[in-house]
Amino acid sequence: RAKRSGEPQMLYDPGMQSFREEHLSLLGDLQQAVERNELTLYYQPKVSLADGRADEAEALVRWIHPDKGFIPPGEFIPFAEQTGYIREVTRWVLAHAIAQAGQWVAADHPIKISVNLSTRDLLDPGLPDQVAALLAQHAMPAQYLCLEITESGLMEDPSRALDVLNRLRALGLSLAIDDYGTGYSSLAYIRRLPVTELKIDRAFVIELAHNDGDAQIVQSTIDLGHRLGLKVVAEGVEDQPTVAILARMGCDRIQGYVFGKPMPADAFVRWQQEHAAS
Ligand code: C2E
Ligand code: CA
Ligand code: CA
Ligand code: CA
């Protein structure tokens, strides 16, 4: 990039240098993390409001770094997206989530698992074949897999993303729009995508009990979503009054601390047994 004349030429920026070094070392660490299985998946229940069943869960990645400890996804997923390394992370997450879901199917205890994709994944024409191969390898019926995508993931190259989505959907899995309401796309646009589920972002759910505007938005999203044949899930629900409101509004599922935080696979199974008993 050409510099504007008169602008002081920066030959060495110590701040930028250390920023770069830190990122290079983080990228190296992340590559190692994938190779050495320092990543792990936590599962958070998506509870059905119709029958109380918790037979669905979202897989959320965690990084247990040998020196730095627990690193939440918000601290390395955006970085992995910038560097393009996200494809490796996504492949790791898909392989492990599908293997786990396959185990639960084999144990006669099927859980439908949602996996997050990021923007770049939707531009990868090889993704549908990779997913198909993983499903076959783990004898996992596609009906127990859901892939969550965000609206921003569609904007970069809509026709290419749509082709990838159509081929994923043709495998028989579900597709969810994540963080719905935080982007710019309308339901009129989403209607043209092969999606099956809408996840209303936590931003609209937090004050649901006290904010009429939010309540109207959520109610009309649920109604319109249903008219378009979509399942509607509310994210980030933390209290019972909000559960009651969402149930009255006809929301299909709830995901949030009110029912359970993301937890390791074995803890999820224990939680599920307790939840079913209560
Ligand atoms: P997301 O997909 O919107 O996931 C939901 C986030 O909300 C999770 O944060 C979850 O722990 C949190 N959450 C769930 N219920 C509640 C609640 O009641 N209250 C509050 N305050 N938070 C709640 P987490 O696990 O830290 O993940 C953050 C984001 O990182 C995810 O947002 C997703 O965008 C990304 N992410 C996580 N795992 C993956 C992955 O495997 N691949 C990709 N590409 N992105 C991932
Ligand atoms: Ca998600
Ligand atoms: Ca979300
Ligand atoms: Ca999010």
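When a ligand or atom number is given, it counts from 1 through the structure's own listing order.
Within E148, the N, O or S atom lying nearest to the Ca ion (ligand 2) carries the name OE1. Sorting the N, O or S atoms of D178 by how far they are from the Ca ion (ligand 2) puts OD2 first.
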Walk me through whether I245 and V218 qualify under side-chain contact (heavy atoms from CB on, under 4.5 Å). CA-CA 10 Å; I245 294 169; V218 171; over 6 Å; no
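By the criterion of a heavy-atom distance under 4.0 Å, the side chain of D179, and not its backbone, is placed next to ligand 1. Contacts with ligand 1 closer than 4.0 Å are made by side-chain heavy atoms of P262 only, the backbone lying farther away. Only the side chain of D178 comes within 4.0 Å of ligand 1, counting heavy atoms alone; its backbone N, CA, C and O stay farther away.
Heavy atoms of G236 come nearer than 4.0 angstrom to ligand 1 in at least one pair. Ligand 1 lies out of reach of K261, whose nearest heavy atom is not under 4.0 Å from it. Using 4.0 Å as the threshold, E81 has no heavy atom nearer than that to any atom of ligand 1.
Selection from F259, Y257, F76 by nearest heavy atom to atom 13 (N) of ligand 1 gives Y257. Atom 26 (O) of ligand 1 has its nearest heavy-atom neighbour, among P73, P72, P45, in P73.
To the nearest 10 degrees, the Ca ion (ligand 2) sees OD1 of N116 and OE2 of E58 at an angle of 90°. E235 contributes OE2 and D179 contributes OD1; the angle these two atoms make at the Ca ion (ligand 3) is 150°, rounded to 10°.
Residues D223 and Q219 bring a donor and an acceptor atom of their side chains to less than 3.5 Å of each other. For the residue pair D55 and Q272, no side-chain donor N or O sits within less than 3.5 Å of a side-chain acceptor on the partner. No side-chain N or O of T182 forms a donor-acceptor pair with one of D201 less than 3.5 Å apart.
Salt-bridge formation is not detected for the pair R253/E197: no Lys NZ or Arg NE/NH1/NH2 atom is positioned less than 4.0 Å from an Asp or Glu carboxylate oxygen.
In this pair, F259 and H275 present their aromatic rings perpendicular. The plane angle is above 60°, beyond the 30 to 60° band.
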